[in-house]
Each structure stands twice: as C-alpha cells, then as structure tokens.
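Here, residue 1 is the first one in the sequence, and each next residue gets the next number. Excluded from the calculations below are hydrogen atoms, water molecules and symmetry mates; all remaining heavy atoms, backbone and side chain alike, are included. All ligand and atom numbering here is 1-based and tracks the order in the structure.
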Amino acid sequence: MAEQHSSKGIMWATIIVAIILIAIIYPLTVKQSKSAADAAGGNDSADVRIQPVARFELAKAAPAVAAGPKDGATVFNSVCGACHNTGAAGAPKVDDKAAWAPRIALGNDALYKSAVAGKGAMPPKGGAADLSDGEIKGAVDYMLAKVK
Ligand code: HEC
C-alpha cells in the first residue's frame with residue numbers, strides 16, 4: 001500500500017517536474033524564435049542598406065512611365081487589345097480587314113475622333129480616360145498599321 005502510494009507520488013512528482021520543465025523550456029523556445037526574428041531583423045537592415053539602389057531604380061523608372069506619353073503599341077496592348085484583339089463587345093478585330101475597310105474609308109481623322117469620343121459599345125478612349133488624345137491617336141495609328 002505504502003509502496004503504491006509512494007510510486008503514485010513519484011508519478012505526480014514526475015508530471016509536475018515535466019510541467020515545470022515545459023514551463024521553463026517553452027519561453028526559451030519562444031525567445032529563440034524571437035532571436036530568429038532578430039536575425040530576420042538583421043536581414044531587414046540589410047534590405048534597408050540595399051534599398052537605396054532599389055529606390056533609385058524605381059525613381060528612374062517611374063517618371064519615365066509617367067512623363068513620356070505611351071506609344072501606340074503600349075496603349076493598344078494595355079487598353080484597346082482587350083476588345084480589338086478578341087472582338088469583344090463586337091469590336092472590329094485588328095486582323096479583320098473586311099471590318100476595317102469601311103471604317104478606314106472614313107479617314108483617319110474620323111477614326112481618331114471615334115476612338116477619343118467613343119462609338120457604339122466602345123467607351124471614350126476605350127475606357128482609359130487618363131490617356132491623352134495623342135496617345136489614343138498613336139494607338140489608332142498602331143492598329144491601322146496592323147490592319148493594312
Ligand atoms: C470595350 C471594348 C473596346 C475597347 C477597350 C476599345 N474599343 Fe475601339 N471599338 C469597340 C467597338 C465595339 C467598336 C465598333 C463601334 C461601332 O462601330 O459601333 C470600336 C471601334 C473602333 C474604331 C473604329 C471607329 C469608327 O469610327 O468606325 C477605332 C478607330 C477604335 N475602335 C479604336 C480604339 C482604340 C485606339 C482603343 C484603345 C484606346 C479602343 N478602340 C478600345 C470596342 C472597344
């Protein structure tokens with residue numbers, strides 16, 4: 001009886017020690033992962049150190065995009081192609097010479113005007129209101145060059 005009792009005591013003591021050990025070790029592992037985060041912080045500071053290069057590249061690239069007008073190909077591929085490559089919304093496709101023949105007969109100025117002001121299912125400037133008239137004109141020229 002007494003032996004059983006003391007073996008139970010040992011069992012409980014073991015459990016308590018295990019709990020205490022876990023209580024001690026767990027925060028240590030948390031701390032360790034924190035110090036891993038510190039190491040990552042070291043990486044961050046490395047990132048910060050190389051960042052000026054990245055910023056420089058961005059600064060170089062951004063105004064080039066913002067300042068210079070987009071050329072016809074860029075505008076066409078980013079805006080107009082959504083409809084004019086696929087025929088979506090009933091748009092005359094770039095490779096559909098028959099669909100373009102009567103439009104080309106209207107003259108370039110009429111086509112520039114339609115593209116800027118919109119026509120039928122085509123919204124003004126193909127929906128890209130931030131584009132300049134010149135950029136739209138460039139896109140029309142690009143498109144017409146493909147049609148011919
Ligand atoms: C939402 C789809 C859509 C987008 C985007 C779009 N178009 Fe169109 N486009 C059309 C449709 C539809 C027509 C035919 C309109 C009609 O004749 O009723 C058309 C017709 C045209 C025509 C012929 C106009 C005429 O007078 O017959 C030109 C030129 C043209 N688009 C240029 C452009 C350019 C340039 C862009 C990009 C800036 C563009 N489109 C973007 C749908 C689109």
Enquirer: Distance to 0.1 Å, residue and atom name: give those for the protein heavy atom nearest to atom 26 (O) of ligand 1.
Expert: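 Of the protein heavy atoms, Ser114 OG, 2.5 Å lies nearest.
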Enquirer: What are the atoms of ligand 1, with element, lying closer than 4.0 Å to any heavy atom of Ala139?
Expert: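 Numbered from 1, ligand 1 contributes 35 (C).
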Enquirer: To the nearest 0.5 angstrom, please state how far the CG atom of Leu21 sits from the CD1 atom of Ile16.
Expert: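 Answer for the CG-CD1 pair, Leu21 versus Ile16, is 12.0 Å.
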Enquirer: Examine ligand 1 and decide if any of its atoms is less than 4.0 Å from a heavy atom belonging to Pro102.
Expert: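 Flag not set, Pro102 not near ligand 1.
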Enquirer: Compute the angle centred on atom 8 (Fe) of ligand 1 spanning SD of Met122 and NE2 of His84, and express it rounded to 10 degrees.
Expert: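 SD of Met122, atom 8 (Fe) of ligand 1 and NE2 of His84 span an angle of about 170°.
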Enquirer: Hey, which atoms in ligand 1 end up nearer than 4.0 Å to a heavy atom of Pro123?
Expert: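 Those atoms are 1 (C).
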Enquirer: Quick check: does any side chain N or O of Glu135 sit under 3.5 Å from a backbone N or O of Lys70, one acting as donor and the other as acceptor?
Expert: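 A pair under 3.5 Å: yes.
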Enquirer: Looking at Thr74, is its backbone amide N or carbonyl O close enough to the side chain of Ser78 to form a donor-acceptor pair, meaning the two atoms are under 3.5 Å apart?
Expert: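 Yes, Ser78 side chain to Thr74 backbone: donor-acceptor pair under 3.5 Å.
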Enquirer: Please state which part of Ala88 comes within less than 4.0 Å of ligand 1, counting heavy atoms only: side chain, backbone, both or neither.
Expert: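 Under 4.0 Å from ligand 1, Ala88 contributes no heavy atoms.
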Enquirer: We want to know whether Tyr112 and Asp141 form a side-chain donor-acceptor pair, criterion being a heavy-atom distance below 3.5 angstrom.
Expert: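 Note: Tyr112 and Asp141 side chains meet the donor-acceptor criterion.
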Enquirer: For atom 34 (C) of ligand 1, what's the nearest protein heavy-atom neighbour? Residue, atom name and distance, please.
Expert: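 Nearest protein contact, heavy atoms only, for atom 34 (C) of ligand 1 is Cys80 SG, 3.4 Å.
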Enquirer: Heavy-atom contacts with Ala115 under 4.0 Å: which atoms of ligand 1 show up? List them by number with element.
Expert: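 What qualifies from ligand 1 is 32 (C).
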Enquirer: Pick, from Val140, Leu106, Val94, the option with the minimum heavy-atom distance to atom 35 (C) of ligand 1.
Expert: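 Ranked by closest heavy atom to atom 35 (C) of ligand 1, first place is Val140.
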Enquirer: Could you identify the single nearest non-hydrogen protein atom to atom 32 (C) of ligand 1 and state the distance to 0.1 Å?
Expert: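 Of the protein heavy atoms, Met143 CE, 3.2 Å lies nearest.
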Enquirer: Can a non-hydrogen atom of Trp100 be found less than 4.0 Å from any atom of ligand 1?
Expert: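 Flag set, Trp100 near ligand 1.
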Enquirer: If you have a sec, work out which protein heavy atom is nearest atom 14 (C) of ligand 1 and how many Å separate them, to one decimal?
Expert: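 Answer, as residue, atom name and distance: Pro92 CD, 3.6 Å.
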Enquirer: Would you say Ala89 touches ligand 1, if touching means a heavy atom closer than 4.0 Å?
Expert: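 It does, in that a heavy atom of Ala89 comes within the 4.0 Å cut-off of ligand 1.
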Enquirer: How far is atom 1 (C) of ligand 1 from its nearest protein heavy atom, and which residue and atom is that?
Expert: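 The answer is Cys83 SG, 2.8 Å.
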Enquirer: Passes side chain to side chain contact (heavy atoms under 4.5 Å, CB included), Arg103 versus Leu111? Steps please.
Expert: CA-CA 7 Å; Arg103 300 180 192 273; Leu111 298 183; 3.9 Å; yes
Enquirer: Could you check whether Asp130 pairs with Lys125 (Lys NZ or Arg NE/NH1/NH2 to Asp/Glu carboxylate O, under 4.0 Å)?
Expert: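 The answer is no: the pair does not qualify as a salt bridge.
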Enquirer: Would you say Lys119 has any N or O atom under 3.5 Å from an N or O of ligand 1, going by distance alone?
Expert: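 Indeed, backbone or side chain, Lys119 has an N or O that close.
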Enquirer: Hey, does the side chain of Asp96 reach the backbone of Pro92 with a donor-acceptor pair shorter than 3.5 angstrom?
Expert: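 Checked: no pair found.
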Enquirer: What pair of heavy atoms forms the shortest contact from Phe76 to Ala139, and how long is it?
Expert: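 Here Phe76 and Ala139 meet closest at N-CB, 4.2 Å.
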Enquirer: So does Asp95 get a backbone contact from the side chain of Trp100, meaning a donor-acceptor N/O pair under 3.5 Å?
Expert: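 No; judged by distance alone, with no hydrogens or angles, the pair does not exist.
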Enquirer: Nearest to atom 5 (C) of ligand 1 by heavy atom, Ala82, Ala105, Gly126: which?
Expert: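 Nearest heavy atom to atom 5 (C) of ligand 1 lies in Gly126.
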Enquirer: Out of curiosity, is Ala128 lining ligand 1, as in a heavy atom under 4.0 Å away?
Expert: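 No, Ala128 has no heavy atoms under 4.0 Å from ligand 1.
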Enquirer: Supply the atom-to-atom distance Ile136 CD1 to Cys80 SG, rounded to the nearest 0.5 angstrom.
Expert: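 Nearest 0.5 Å value for the CD1-SG distance: 6.0 Å.
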Enquirer: Between ligand 1 and Arg103, is the shortest N or O to N or O distance under 3.5 Å?
Expert: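 N/O-N/O distance below 3.5 Å exists for this pair.
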Enquirer: Out of all atoms in ligand 1, which are within 4.0 Å of some heavy atom of Gly120? Include the element for each.
Expert: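 Near Gly120, meaning under 4.0 Å from one of its heavy atoms, ligand 1 has 18 (O).
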Enquirer: How close do Ala98 and Pro102 get, heavy atom to heavy atom, and via which atoms?
Expert: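 Closest approach of Ala98 to Pro102: O-CD, 3.2 Å.
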Enquirer: Taking Met143's backbone N and O only, do any of them form a donor-acceptor pair with His84's side chain (distance below 3.5 Å, no angle check)?
Expert: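 No: the side chain of His84 does not pair with the backbone of Met143.
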